[in-house]
Amino acid sequence: MSIIVNRDTKVLCQGVGKAGSFHLKGCKDYGTKMVAGVQPKKGGTTVEGVPVFHTVRQAVRATGADASMIFVPAPGAADAVLEAADAGIKTVVCITEGVPVLDMSRTKALLKSRYPGVRLIGPNCPGIITPGECKIGIMPGYIHKKGRVGILSKSGTLTYEAVHQTTAAGLGQTTCVGIGGDPILGSTYLDLLPLFEADPETEAIVLIGEIGGDAEKQAAEYWKAHMKKPMVAFVAGRTAPKGKRMGHAGAIVGGADDTADAKLKMLASYGIHAVDNPSLIGAEVAKVLGK
Amino acid sequence: MSIIVNRDTKVLCQGVGKAGSFHLKGCKDYGTKMVAGVQPKKGGTTVEGVPVFHTVRQAVRATGADASMIFVPAPGAADAVLEAADAGIKTVVCITEGVPVLDMSRTKALLKSRYPGVRLIGPNCPGIITPGECKIGIMPGYIHKKGRVGILSKSGTLTYEAVHQTTAAGLGQTTCVGIGGDPILGSTYLDLLPLFEADPETEAIVLIGEIGGDAEKQAAEYWKAHMKKPMVAFVAGRTAPKGKRMGHAGAIVGGADDTADAKLKMLASYGIHAVDNPSLIGAEVAKVLGK
Amino acid sequence: MKLHEYQAKDLLEATGVRVLKGAVASDPAGIEAAIATLSPGGPWVVKAQVHAGGRGKAGGVKLAKTREDLREKARAILGMTLVSNQTGPQGVKVRKILLVEACDIAHEIYVSILMDRKEGRPLVVASAEGGMEIEELAATHPEKILKEHLDPLAGMQPHQARDLAYRLAPGEAPDSPVPAALAELLMGLSRAFFKYDASLVEVNPLIITPSKDVIALDAKVALEDNALFRHPELEALRDVAEENPKEVKAAEAGLNYIALDGNIGCLVNGAGLAMATMDLIKLHGGAPNNFLDVGGGANKDTMLAAFKLLLGDPQVKGILVNIFGGIVRCDLVAQGVIDAAKEVSLAVPMVVRLEGTNAEQGRALLATSGLPITPAAGFNEATLKIVEAVRGK
Amino acid sequence: MKLHEYQAKDLLEATGVRVLKGAVASDPAGIEAAIATLSPGGPWVVKAQVHAGGRGKAGGVKLAKTREDLREKARAILGMTLVSNQTGPQGVKVRKILLVEACDIAHEIYVSILMDRKEGRPLVVASAEGGMEIEELAATHPEKILKEHLDPLAGMQPHQARDLAYRLAPGEAPDSPVPAALAELLMGLSRAFFKYDASLVEVNPLIITPSKDVIALDAKVALEDNALFRHPELEALRDVAEENPKEVKAAEAGLNYIALDGNIGCLVNGAGLAMATMDLIKLHGGAPNNFLDVGGGANKDTMLAAFKLLLGDPQVKGILVNIFGGIVRCDLVAQGVIDAAKEVSLAVPMVVRLEGTNAEQGRALLATSGLPITPAAGFNEATLKIVEAVRGK
């Protein structure tokens with residue numbers, strides 16, 4: 001089992017410029033059902049053996065796609081999200097980084113009021129992968145292995161570390177979701193934790209956080225109140241100085257409770273296995289699962 | 001019994017200028033629990049023996065009001081609706097006429113997304129009355145009589161006719177709602193018909209329509225599909241020429257199906273007691289109820 | 001408030017819509033001045049500027065190939081009485097004309113934005129088959145009508161404009177500039193709709209030229225009267241010459257009045273009751289002369305203005321006053337009727353029905369006034385009496 | 001992008017916020033010119049224009065009562081090194097000052113608008129007790145902080161502004177003009193927040209004068225970098241002199257770089273891994289010199305620019321390269337490292353950890369390059385090795 005995406009998910013790619021077509025191919029090669037590309041002025045052509053349409057509506061009508069991967073440049077990314085939602089796409093994964101915060105604020109408001117059934121992941125995220133079934137995003141597929149751990153992360157390459165470590169430990173993953181590093185995200189930990197808890201094959205959850213915001217605290221509270229599966233967590237940014245934006249638009253230390261140290265302590269206080277050494281994530285999960 | 005408002009409803013009045021305070025007094029004299037007035041710069045004063053506050057939040061905190069009657073002039077009326085909703089008021093009755101259509105379109109969108117539990121009646125309506133218990137609006141209270149008929153109408157004085165006739169026929173009313181004559185209304189027939197159907201004391205429903213829009217058709221379809229109580233209907237505007245706005249902002253003949261004649265025929269075709277003589281509404285209800 | 005084509009084009013241009021503006025003339029000298037501003041090589045088009053639609057079929061739009069031809073056609077149209085299916089048989093006088101360069105057309109599109117009252121949201125109605133009457137197309141080929149709702153807070157989204165553009169210009173080559181230009185034009189129409197609080201923005205036809213330009217060739221904009229307070233500068237665009245003079249007069253007196261064809265003058269409080277009164281007159285075989293809602297503030301001044309309006313109309317052969325006093329007190333209305341009737345000298349039969357607050361006192365006042373007023377107890381009786389009174393007149 | 005007070009005031013004034021603009025000077029002649037524009041009667045205030053906060057306590061804001069006093073204080077502040085709790089011990093040089101008329105103050109208010117990431121909506125944070133540091137107030141008297149969310153599509157609604165105004169100026173008489181003026185000022189702040197894609201709009205203090213004027217006495221605006229493409233005209237407001245020169249240089253090279261205090265230069269792909277690398281260095285007793293995310297496009301040019309930046313910093317005593325190749329191929333990264341290292345002559349120890357796509361090939365390339373590079377297999381091992389290598393340096 002898995003969450004959100006699986007072998008039946010039919011994916012289209014919005015934005016098939018250089019990056020979009022490169023990753024469209026990557027996902028296709030991984031085995032994902034890539035059914036269409038979308039780009040104005042490119043309708044009627046093909047990219048990597050996949051038909052391209054001018055609009056998402058056209059693509060959905062022709063292919064029945066139910067998920068989208070967005071590589072549209074930042075100025076048009078929020079509009080691309082809404083275009084996908086409006087065309088009936090249920091899972092929208094926005095890889096694009098640099099989307100203006102107000103665009104996301106407005107887009108979330110519109111999604112909530114007009115398209116309540118749509119799940120947006122990202123923006124500024126590596127995507128989502130169910131190993132061996134469906135990869136929507138830019139993660140290196142080969143490091144993943146079908147298995148027992150659900151991974152939820154604000155970071156890209158740091159997620160790869162966690163994946164690599166859990167694969168090396170022989171645990172493997174059910175589904176890995178990079179929720180993105182922006183201040184306003186389509187899906188938060190809170191939106192996705194219930195899915196992992198409900199997924200029968202997910203035995204443990206790895207949560208990778210960052211400085212900035214209180215999403216980790218909300219996750220810990222939710223975990224404590226509603227979840228039975230063990231959770232291993234790491235929070236990046238212990239060395240980040242206050243007020244400096246650490247690459248991710250959301251990774252900026254705010255108030256006193258918003259340091260990585262404070263977050264790690266907070267997580268531990270809830271009973272979550274908080275590790276302060278990011279190279280020990282896999283080992284900690286193995287220990288927790290008694291392996 | 002009754003719908004929406006009753007003897008326990010605590011009402012505040014937004015806009016206590018000349019018209020607002022006049023009708024505040026009218027409602028209070030009728031027996032309505034008028035608990036507050038709201039007008040910036042008038043906070044701390046009293047109007048007709050009722051304390052006035054600068055803002056609805058202040059008024060709600062001090063008085064526990066749960067309904068509002070709005071007389072704020074058109075440019076600020078939509079904002080007044082949102083102010084009431086934001087302060088926790090659940091029933092908002094907007095009497096003001098001349099509210100710009102786009103203001104209402106935006107206000108409905110915001111009510112739906114931010115304040116889904118709020119019921120707006122109007123704008124440009126006479127209000128709502130549960131005879132003997134609660135009058136929120138400008139209707140002459142004394143023509144009403146506690147009784148068996150629910151009245152739902154786009155028109156003001158024409159509603160009074162229906163009330164007068166049903167009172168004269170000895171039937172009386174459970175609750176009468178003037179939904180208003182504007183193109184975009186806070187509550188439509190569709191929103192209120194289920195309440196009348198569910199109200200044990202309402203035995204029959206009078207629906208008074210007008211040219212413009214297809215609200216009457218929607219009501220007829222709903223009635224046919226979901227309601228058991230008999231309905232008597234009249235539609236004003238048989239003599240209205242196409243393209244001319246008949247007083248109410250919404251009363252304008254549109255397409256071919258949008259004449260009063262067509263609407264009356266349509267209503268009759270669904271099994272509704274459609275009368276073409278507005279002076280016979282009361283008699284028709286009496287006949288239908290076998291009196 | 002309806003606008004003329006040339007006014008609509010000015011407003012649309014300001015929100016980024018590409019239009020052909022041309023030049024307006026309202027007299028012969030103006031025609032010469034307008035011609036001087038146009039490019040020397042024709043052809044050109046002369047377009048009557050009237051608020052009524054259907055002007056093309058009515059001879060209000062003409063193509064001219066030479067300068068002399070242009071001058072002649074401009075002079076012919078300016079001042080003509082234009083009779084279309086929307087003007088009534090009496091027609092309307094053409095007081096202004098627009099002279100504009102003609103344009104080659106490869107494709108005609110229909111687009112409008114209006115408020116969908118059912119959904120409570122603005123709606124784009126469009127068709128790849130423009131140029132013809134949209135009602136006709138909607139009746140015969142509903143599948144050719146595209147509909148797209150707009151969020152009232154967010155306005156038209158770029159993806160909606162793109163989607164519409166590709167559907168409205170389906171035959172374009174992949175690298176054609178048309179879809180992007182069309183999408184941008186649609187965004188401009190949406191901006192105009194929201195910016196001006198329009199009740200209608202309509203472009204028919206919106207054209208694609210053989211050289212792939214996308215232009216709003218015609219334009220119709222109606223503004224919402226209730227929102228004009230936000231746009232005081234647009235009030236100057238009102239052309240009262242295009243409106244019914246009786247209605248203009250009534251509006252000046254603060255009356256809610258619509259002129260009709262019948263001979264029974266109606267004076268009622270409340271729009272719904274006013275319509276129902278007209279309906280009942282017709283049901284009893286009479287013909288209402290007007291819709292007149294004196295509203296909740298019916299007093300002596302309103303009554304006087306209303307009576308003057310009705311009695312000043314030679315078509316009016318009788319008057320029905322129907323008041324359901326709620327907020328309005330019937331005794332005050334009766335006094336208003338009496339005072340007004342005395343001042344204007346009542347020469348036609350008048351039936352008065354008073355009901356509601358202080359109705360008894362009002363009726364008593366009328367009964368003792370000595371005026372030739374027929375009282376009526378009920379709504380039905382009142383209309384029967386006035387229909388009877390004017391029968392054969 | 002942070003703005004100076006005088007820039008922020010210009011932007012706020014354009015959205016209807018009442019400010020005292022004064023005059024800016026950046027040299028002695030400018031001071032004279034600025035003084036000439038001010039009203040002759042004092043007092044006036046001289047305010048250092050630096051991006052760092054806390055300038056009042058640091059001596060960057062002074063009141064002057066006479067013209068001579070004003071001139072002296074302006075000259076003293078311009079060019080001073082201002083050390084506040086936000087500048088670090090080295091302080092910042094004052095390159096610009098704002099001279100502005102002083103204002104009598106009856107009441108000080110704090111207002112800011114920023115994005116609440118938890119709710120995904122803009123949030124107004126305000127207090128009737130302005131003038132002091134809001135963090136302090138929030139800690140000691142959280143009940144004195146008002147919070148009001150804004151709808152991102154609709155913006156601040158008039159009723160929200162009114163409600164805030166009455167709560168922020170509670171002692172006003174019923175007929176006082178203050179609540180309405182304050183509400184209008186708040187609406188102006190909201191318009192500015194949305195119009196400019198601000199990440200922060202802050203006014204502290206917002207004052208009420210004894211004569212009941214409502215004025216934004218100070219103003220802080222930060223713009224969202226990601227949205228600057230929508231506001232090319234605002235790019236000119238960037239003051240690079242206020243930014244860390246290493247960070248400015250890095251930004252010019254397209255690198256995502258933040259300067260820190262330690263001696264281990266870090267070069268990592270991905271922001272999260274970069275932070276985790278810094279964290280692990282610290283966990284092992286080392287001190288990172290920087291955050292540096294080379295992103296997904298790590299190639300020879302990026303590597304070269306990154307190495308130049310790190311090696312040009314005398315504080316850097318060792319370099320850790322940590323790459324988890326996903327999209328990035330490790331063999332290409334290794335080649336980039338080799339090429340760059342040759343070009344800049346590597347004088348400090350360097351540990352390289354390559355993992356992911358083509359890691360084997362990458363490691364082999366490094367091993368045979370002849371460069372003094374220490375390979376590391378794992379994340380942990382790599383940080384241990386570099387900490388060891390720079391220990392005692």
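Note on naming: letters A, B, ... go to the chains in the order of the sequence lines (proteins, then strands), and numbering restarts at 1 for each one.
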Taking [Y]'s backbone N and O only, do any of them form a donor-acceptor pair with [X]'s side chain (distance below 3.5 Å, no angle check)?
{"X": "A:Q218", "Y": "A:L190", "value": "no"}
{"X": "C:Q49", "Y": "C:Y6", "value": "yes"}
{"X": "C:R191", "Y": "C:T15", "value": "yes"}
{"X": "A:S2", "Y": "A:V5", "value": "yes"}

ask   = For C:T209 and C:S211, what are the C-alpha separation, side-chain angles and deciding distance, and is it a side-chain hydrogen bond (donor to acceptor under 3.5 Å, both in side chains)?
value = CA-CA 5 Å; C:T209 69; C:S211 53; 3.1 Å; yes
request  = Please identify each residue that fulfils ring pair (Phe, Tyr, Trp, His ring centres under 6.0 Å) with C:Y196, with sequence neighbours left out.
outcome  =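 With neighbours one apart ignored, the set is empty.
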key: Rounded distance [0.5 Å steps], OG1 in A:T63 versus CD in A:Q58   =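 CD of A:Q58 is found 11.0 Å from OG1 of A:T63.
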key: Contacting region of A:L82 [heavy-atom separation from chain C under 4.5 Å]   =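 Contact with chain C is through both the backbone and side chain of A:L82.
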query = Is chain C contacted by the side chain of A:D86, its backbone, both, or neither, given a heavy-atom distance below 4.5 Å?
reply =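 For A:D86, side-chain heavy atoms alone lie under 4.5 Å from chain C.
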task = With chain A as the partner chain, list the residues of residues 197-205 of chain C whose heavy atoms fall under 4.5 Å from it, by residue number, and write 'none' if nothing qualifies.
result =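 Counting heavy atoms that sit under 4.5 Å from chain A, no residue of residues 197-205 of chain C is involved.
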task = Taking heavy atoms only and a threshold strictly under 4.5 Å, list by residue number the residues of residues 157-174 of chain C that touch chain A; give 'none' if the list is empty.
result =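 Interface residues of residues 157-174 of chain C: C:Q157, C:P158, C:H159, C:R162, C:D163, C:Y166, C:R167, C:P174.
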For A:K25, salt bridge (charged side-chain N to carboxylate O under 4.0 Å, His left out) partners two or more places apart =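 Expected list: A:D29.
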ask   = Only one of C:R117, C:M115, C:R121 clears side-chain contact (heavy atoms from CB on, under 4.5 Å) with C:E119; which?
value =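 Between C:E119 and the candidates, side-chain contact (heavy atoms from CB on, under 4.5 Å) is satisfied uniquely by C:R121.
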inquiry  = Run C:K9 and C:E13 through salt bridge (Lys or Arg N to Asp or Glu O under 4.0 Å) and show every step you take.
reply    = CA-CA 6 Å; C:K9 284 181 173 176; C:E13 189 179 46; over 6 Å; no
